[in-house]
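We count residues from 1, following the sequence as given.
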Amino acid sequence: MFSDLDALRADVAHGEMARAAKSSRSILVQVYSANGSPGHLHGIAGLLAELLPAAVVVGATTVGEIAAGRLLTGRTVIGFSFFESSRLQAIAIPCTRGEESRTGAELGRSIRASADDIAGVLLLATPLSVELGPLFAALEPEIGDFPLFGGGAGDYTRMRNTFVFAGSELLDAGIVAVIFTGTQLALQCEAYLGWIPVSHPMTVTRTDGPLVKEIDGRPAFEIYQRYLGARKDESFYMAALEFPLLIEREGQWVARVPVAAGEDDSLRFLGDIREGEIVHIGYGDAGTIIEHAREIQAASAAFAPDAVFMYSCGCRRFLLQEDVERESRPFEAHAPTFGFFTYGEFFGTGRLQLLNSAMVAVGLREGGPRKAARPAADTTSGGTRPPPDDPYDSQHTRVISKLLHFIKAVTTELEATNRELEKRSMTDTLTQLANRIRLDESLEAQLNSTIRGGIPFSVILLDIDHFKRVNDTHGHLAGDSVLVTIAQALRTHIRATDRVGRWGGEEFLVICPDTDAAQATQLAERLRQAIERQAIPEVGHCTASLGVTAYRPGDDASGLIARADQALYQAKHAGRNRVEQA
């Protein structure tokens with residue numbers, strides 16, 4: 001834990017650290033600092049270059065620091081890793097907005113050309129000034145089947161300036177890579193989230209690069225304003241920090257934290273969100289997080305690492321507060337544990353993912369596993385934390401977990417109720433076909449699709465012949481039976497792509513996508529024959545008249561239906577039980 005340059009000089013130049021440096025093939029020094037002053041960072045890097053000229057020195061600004069598995073704040077921590085056989089190489093590449101793909105491809109080529117026995121790559125980047133989605137997309141094709149891991153530099157939620165550096169090269173916009181090579185080096189990389197969806201599903205309807213413009217057709221900011229009371233000012237990030245949008249990709253939840261709200265009510269994200277994706281507002285389930293941490297800790301113990309590097313999202317620190325150590329401190333029992341809290345985590349083997357709200361733990365080991373686990377360091381801060389069997393320990397974590405379970409249960413019930421209400425509002429009660437409201441929506445959607453894509457479509461308007469006579473002669477229950485029977489015949493004989501519903505009274509409408517007038521007329525004739533064949537109890541057989549028309553450029557819904565109605569009138573006038581095309 002850095003205090004001043006004189007103390008750092010004394011620690012590095014003498015004692016255990018000096019002996020380790022003399023016997024090591026490679027040295028990695030990671031500097032993670034709450035102080036983002038260039039003078040502060042240059043001073044540390046310069047002294048380390050003087051004292052350890054062969055060392056690879058890299059670092060980043062943070063939103064919290066981790067040493068000996070403990071959460072630290074407002075500090076500068078320096079991790080020294082001494083390798084007996086492995087080799088290290090650092091690469092620093094500046095990047096400007098718009099050049100991310102070029103930078104990613106350049107970095108990928110440099111990594112690939114560095115060695116044949118790459119064991120893994122550490123990445124540090126500046127997510128506030130560089131769009132990492134396209135950079136990682138361009139990097140990915142160039143990398144091999146080895147793990148990549150790391151994190152995005154932070155600045156304690158000020159969201160202004162972040163830095164990464166390698167040696168004396170300090171970057172406020174760019175990326176740093178440390179390439180680990182050697183056949184004796186083994187890495188175990190694990191990542192986990194622990195956030196769960198707590199809102200109903202919503203659809204991203206418009207994006208522009210890192211900006212999400214609309215969700216469910218409304219300004220994206222309104223989501224956070226409505227549900228969290230967020231304001232469109234400098235307090236927005238803190239209001240949204242613990243409530244990322246969750247997206248399910250390839251069976252896994254991915255989190256995306258909004259970092260700013262624009263004047264146009266858009267939301268800016270550090271990771272990609274795609275148009276058409278389904279998103280939920282998420283919140284961290286502390287119980288799930290700690291449970292996942294135990295699974296990763298057990299895997300780490302079995303791996304028996306020599307060191308554990310940790311890159312954890314600042315969201316976790318703010319959510320869990322002191323309890324965040326419950327997922328980091330147990331690693332210290334296996335090996336020295338060190339890292340920082342990030343603005344985004346990087347993780348993947350062969351495929352690099354930009355994560356939010358996650359924790360990435362990386363175990364490193366040269367040679368085979370050691371037989372004995374490392375004794376746990378005493379990090380109890382004077383014994384002020386309660387013993388593990390204290391029933392009041394971390395009680396707020398348990399309360400949050402129960403509250404989230406309650407919210408999820410209520411949300412699920414509401415979603416089921418809303419689906420049922422929507423179905424009822426869009427379904428004709430008697431025939432169970434789409435009602436007029438749903439047909440109007442479908443017709444409008446089909447018109448928009450046809451106007452955009454130029455694909456033809458047609459409609460069929462159908463009226464039951466002499467339906468009033470059925471009601472007058474046999475009663476309204478018999479009339480209902482006729483409607484239900486004909487609805488079933490229509491449902492059975494339309495094509496999979498067609499949509500049918502009750503237009504009103506004894507009239508039905510069929511919307512036929514990708515269908516010209518001649519094809520629709522053939523379908524209408526099949527429907528007419530199917531209706532004529534139906535035997536209806538108490539009534540016998542009924543017939544129907546059908547009018548067909550196809551979309552013409554310039555049509556709106558009312559004009560199209562009026563033309564179909566005209567064709568239907570012609571069929572009635574010509575003797576009924578027939579099809580006419582407008």
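Nearest heavy-atom pair, Ala358 versus Leu193, reported as atom, atom and distance to 0.1 Å: N-CD1, 4.1 Å. The two residues Ser357 and Cys315 have their closest heavy-atom pair at OG-SG, 3.7 Å.
Checked by atom type and distance alone, the side chain of Glu325 pairs as donor or acceptor with a backbone atom of Leu71 at under 3.5 Å. When atom types are taken as modelled, the side chain of Ser199 and the backbone of Ile281 share a donor-acceptor pair closer than 3.5 angstrom. Remark: the backbone N or O of Ile278 is not paired with any side-chain donor or acceptor of Thr203 at under 3.5 angstrom. Looking at Ser26, its side chain does come within 3.5 Å of a backbone N or O of Ser86 through a donor-acceptor pair. Here the side chain of Glu277 pairs a donor or acceptor atom with the backbone of Arg274 at under 3.5 angstrom.
Side-chain N/O atoms of Glu190 and Tyr192 include no donor and acceptor closer than 3.5 Å. When only modelled atom types and interatomic distance are considered, Tyr343 and Asp155 share a side-chain donor-acceptor pair under 3.5 Å. Defined by atom type and a distance below 3.5 Å, a donor-acceptor pair is missing between the side-chain atoms of Glu106 and Thr103. Remark: the Asp264 side chain and the Ser266 side chain contain an N/O donor-acceptor pair separated by less than 3.5 Å. For Glu65 and Thr62, the side-chain atoms include at least one donor-acceptor pair closer than 3.5 Å.
Note on Lys232 versus Asp265: salt bridge recorded, some NZ/NE/NH1/NH2 to OD/OE distance being below 4.0 Å. Look at Glu242 and Arg316 and you find no salt bridge, because none of the NZ, NE, NH1 or NH2 atoms lies under 4.0 Å from a carboxylate O. Using a cutoff of 4.0 Å between basic side-chain nitrogens and carboxylate oxygens, Arg231 and Asp233 are scored as salt-bridged.
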Walk me through it: do Arg351 and Glu250 pass the test salt bridge (Lys or Arg N to Asp or Glu O under 4.0 Å)? CA-CA 13 Å; Arg351 181 174 180 272; Glu250 300 177 6; 3.7 Å; yes
Passes salt bridge (Lys or Arg N to Asp or Glu O under 4.0 Å), Arg102 versus Glu99? Steps please. CA-CA 5 Å; Arg102 180 196 60 77; Glu99 294 294 316; 2.9 Å; yes
His40 and Phe2: CA distance, side-chain angles, deciding distance, ring pair (Phe, Tyr, Trp, His ring centres under 6.0 Å) verdict: CA-CA 11 Å; His40 175 72; Phe2 176 83; 5.5 Å; yes
Derivation and outcome, side-chain contact (heavy atoms from CB on, under 4.5 Å), residues Glu84 and Ser24: CA-CA 5 Å; Glu84 296 177 349; Ser24 298; 6.0 Å; no
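For Phe346 and Phe136, the ring centers are positioned less than 6.0 Å apart.
Every residue two or more places apart in sequence or in another chain was checked for a ring pair (Phe, Tyr, Trp, His ring centres under 6.0 Å) with Phe163, and none qualifies.
Here the side chains of Leu123 and Val121 are in contact, with some heavy-atom distance below 4.5 Å. Looking at heavy atoms from C-beta onward, Leu170 lies in side-chain contact with His42 at the 4.5 angstrom threshold.
Across Arg25, Glu366, Gln184, a single residue satisfies side-chain hydrogen bond (donor to acceptor under 3.5 Å, both in side chains) together with Ser85, and that is Glu366.
Using a 30° and 60° split on the angle between ring planes, Tyr311 and Phe309 fall in the perpendicular class, above 60°.
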